[in-house]
Novice: 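Mind looking over this structure? Questions follow.
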Amino acid sequence: MNPYQYRAPPVGIELVPRPLKMRLTVRSLSGNSGSHGRHGTLSQLLGVSTGIFLGFILTAAIRHLMLKPHMCLSLRNVPIYDDKNDAYRIIGFDISKDTHNSAKNLLFVGVMTADKYLDTRAKAVYETWGKQLPGKIAFFSSETSTTNVDIPLIRLRGVDDSYPPQKKSFMMIKYMAEHFADHFEFFMRADDDIYVRPDKLELFLRSVNSTKAHFIGQAGKGNQEEFGHLSLKMDENFCMGGPGVIMSRSTLLQVAPHVRDCLKNLWSTHEDVEVGRCVRKYAKVPCTWSYEMQSILYHNSSGTEAFTGPLKQREVHRAITLHPIKNHTHLYRLHSYIQGLNIRSSEAELVHFVRELTKTSEEAGLPVPHLDNPSSGIYLNHLGTDVTLQKWVADSEEEVLYWDFVSKAAFQPGSANPRHKPTSGMTEGLADVIRDVMEIINRAEP
Ligand SMILES: *[C@@H]1O[C@H](CO)[C@@H](O)[C@H](O)[C@H]1NC(C)=O
Ligand SMILES: *[C@@H]1O[C@H](CO)[C@@H](O)[C@H](O)[C@H]1NC(C)=O
Ligand SMILES: *[C@@H]1O[C@H](CO)[C@@H](O)[C@H](O)[C@H]1NC(C)=O
């Protein structure tokens, strides 16, 4: 038999009475009664046994009564949502409006988390990228999870926070299929230590035909020690769980009816390997074999150190998902950095639009529209000026703009030391410009 096979932990052990103990008690009592007369012994024995029997029933009844209110209480503390409307309410999905709104139903993200991370990682995820998705997000945790934090939390029935989270993962797939399959095109399984760039993910997913069965992720075959121990054939792979795994609706619907089978036939302790096996068996798709995936779904192997240092790196700029961010404080830091990038690219887009507007207006012989609004501090019209080094002509010598010259040394008139080493600000600025230009050159424009 497979030693890793999942076994559900026994539930409600305290409530099971123990008849064995009682039988022992009876025997020792009847042994004591040996010194009395025959008649006495029999009636005494009868009396004693009846007494014990009644006592047992009474105790059991009292225990039952005493335990019952507790049980009710704990059940009330832990509502399990099986009803679809409850599920929609938790994730904030309005079935009458959102179902046919592709900005709101492209993607559903299921984040696997545990009770101890609800107040930290889950909260951080929900407060950063979780709210910007072209769809909805929910956090899947154990049946007994509790939190005061306001997050869309789904407690999976019969699931605990043990590791590896195979049962949690499969039950999440089942839950997503049963409750949300009709309303979203793609379903993502994410960890709670991941950062997702929703705008980039949306662009990517919109280029994929969601009617087909897809299993999108960073394909893996196990590392060197695991190789050969995962029961994978040469041409078989799985999607590595960490940086995120995305299924199309079709994949989800083909896999979900069989999750119990898959849970009964585990071949390894790796949750992502088993999900991969299940998807391959029932949806008949492998994980996407694509070299690019390792930069799109980026996993940094420095463990707890990842994303705690400088973020201005090509990998961070290019990725759609970033993993792992073990300390949730750093998720906020990463978020603010990424927001900065987004603001910069929005600014660039704005300049581009204003230039386009000015140019087309001039070509059409129309006046350039007034975009400035001084009372709100908005000045946009000057952005439409042609990009040229001679756009402004000085009238007098004082007005002449001077340029800094930067090569190995920087030459700056006006500074106390006109020839000096380029400052760190200059170096970084130049590196930024070079990277941006390289990105523009390398971007595959259709
Ligand atoms: C998407 O895939 C489905 C099923 O294979 C196919 O019928 C449909 O034409 C595809 N749509 C596009 C836009 O390619
Ligand atoms: C990723 O890992 C490498 C080496 O392990 C490290 O040098 C780099 O700074 C890390 N990147 C981020 C963004 O943390
Ligand atoms: C997480 O990072 C913050 C900021 O660097 C630090 O203050 C905090 O101690 C870290 N928490 C843990 C658990 O390492």
Side-chain angles (χ1 to χ4, degrees), residues 100 102 105-107 113-129 134 147 149 161 181-182 184-187 191-197 200 202-216 218 220 223-224 240 242-244 246-255 279 282-286 288 292-342 344 427-428 431-432 435-436 439 446:
H100 301 292
S102 102
N105 72 359
L106 180 68
L107 174 70
T113 186
D115 193 34
K116 66 174 171 179
Y117 290 127
L118 292 179
D119 297 353
T120 51
R121 290 185 184 176
K123 178 167 177 273
V125 164
Y126 192 54
E127 287 178 347
T128 55
W129 60 270
T147 179
V149 175
D161 284 334
D182 294 344
F184 297 92
E185 287 182 50
F186 291 99
F187 296 83
D191 280 353
D192 54 9
D193 56 356
I194 188 179
Y195 186 85
V196 176
R197 295 185 66 175
K200 284 192 148 202
E202 177 171 4
L203 268 180
F204 171 68
L205 289 180
R206 291 213 185 277
S207 69
V208 180
N209 184 348
S210 67
T211 321
K212 293 191 176 149
H214 288 288
F215 188 40
I216 302 167
Q218 207 188 112
N223 60 26
Q224 249 161 15
M240 293 198 265
I246 302 166
M247 295 183 196
S248 59
R249 177 192 291 152
S250 152
T251 310
L252 184 77
L253 286 175
Q254 289 178 68
V255 171
V279 169
Y282 293 106
K284 310 232 165 4
V285 278
T288 42
E292 229 189 329
M293 280 301 162
Q294 42 184 299
S295 55
I296 296 180
L297 309 174
Y298 176 62
H299 169 82
N300 191 295
S301 48
S302 3
T304 51
E305 294 299 309
F307 308 105
T308 56
L311 294 171
K312 199 179 269 177
Q313 294 182 13
R314 206 161 68 107
E315 290 81 11
V316 177
H317 286 223
R318 279 178 66 182
I320 295 179
T321 69
L322 302 147
H323 175 265
I325 300 115
K326 294 289 179 199
N327 180 339
H328 69 282
T329 322
H330 284 275
L331 196 81
Y332 291 102
R333 173 172 172 266
L334 183 58
H335 185 58
S336 105
Y337 181 75
I338 300 282
Q339 297 284 84
L341 290 186
N342 291 343
R344 260 186 28 209
T427 316
E428 183 161 355
D432 285 357
R435 197 190 37 246
D436 284 354
E439 259 172 41

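Hydrogens, waters and symmetry mates are skipped; everything else that's a heavy atom, side chains included, is used. Each ligand, and each atom within it, is numbered from 1 in the order the structure gives.
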Novice: May I ask which of Thr329, Asn327, Thr120 has a heavy atom nearer to atom 2 (O) of ligand 3 than the others do?
Specialist: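 Among Thr329, Asn327, Thr120, the closest heavy atom to atom 2 (O) of ligand 3 comes from Asn327.
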Novice: Within the 4.0 Å heavy-atom shell around Lys212, which atoms of ligand 1 are there?
Specialist: 2 (O), 5 (O)
Novice: Hey, does Thr321 have a side-chain heavy atom less than 4.5 Å from the side chain of Tyr298?
Specialist: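 The answer is no, as the side chains (C-beta and beyond) never meet within the 4.5 Å cut-off.
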Novice: Whether the Tyr195 and His330 side chains hold a donor-acceptor pair (N or O, under 3.5 Å, no angle test) is what I'd like checked.
Specialist: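 No, no side-chain donor-acceptor contact under 3.5 Å.
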Novice: In the protein, what heavy atom is nearest to atom 3 (C) of ligand 2, and what distance, to one decimal place, separates them?
Specialist: Ser302 OG, 3.6 Å
Novice: For atom CZ of Arg314, decide whether the heavy atoms of other residues, nucleotides or ligands shown that lie under 6.0 angstrom number more than 12.
Specialist: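 Not more than 12 within 6.0 Å, no.
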Novice: Could any protein non-hydrogen atom be found less than 4.0 Å from atom 5 (O) of ligand 1?
Specialist: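 At least one protein heavy atom is under 4.0 Å away.
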Novice: Below 4.0 angstrom, N of the basic side chain to O of the carboxylate: do Asp436 and Arg344 qualify?
Specialist: yes
Novice: Does the side chain of Asp193 come within less than 4.5 Å of His328's, by heavy atoms?
Specialist: no
Novice: Against heavy atoms of Ala306, which atoms of ligand 2 measure under 4.0 Å?
Specialist: 14 (O)
Novice: Just distances here: any N/O of Gln313 and N/O of ligand 2 closer than 3.5 Å?
Specialist: yes
Novice: Is atom 9 (O) of ligand 1 near the protein, in the sense that some protein heavy atom lies at less than 4.0 Å from it?
Specialist: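 No, there is none.
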Novice: With atoms numbered from 1 as shown, which atoms in ligand 2 lie under 4.0 angstrom from a non-hydrogen atom of Val316?
Specialist: 13 (C)
Novice: Examine Phe307 against ligand 2 and note whether any of their N/O atoms are separated by less than 3.5 Å.
Specialist: yes
Novice: Apply side-chain contact (heavy atoms from CB on, under 4.5 Å) to the pair Leu311 and Arg333, showing each step before the final yes or no.
Specialist: CA-CA 10 Å; Leu311 294 171; Arg333 173 172 172 266; 3.9 Å; yes
Novice: With respect to Tyr298, determine whether any N or O atom, backbone or side chain, lies less than 3.5 Å from an N or O atom of ligand 2.
Specialist: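 In this structure, Tyr298 places no N or O atom under 3.5 Å from an N or O of ligand 2.
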Novice: Any N/O of Asn300 closer than 3.5 Å to an N/O of ligand 2?
Specialist: yes
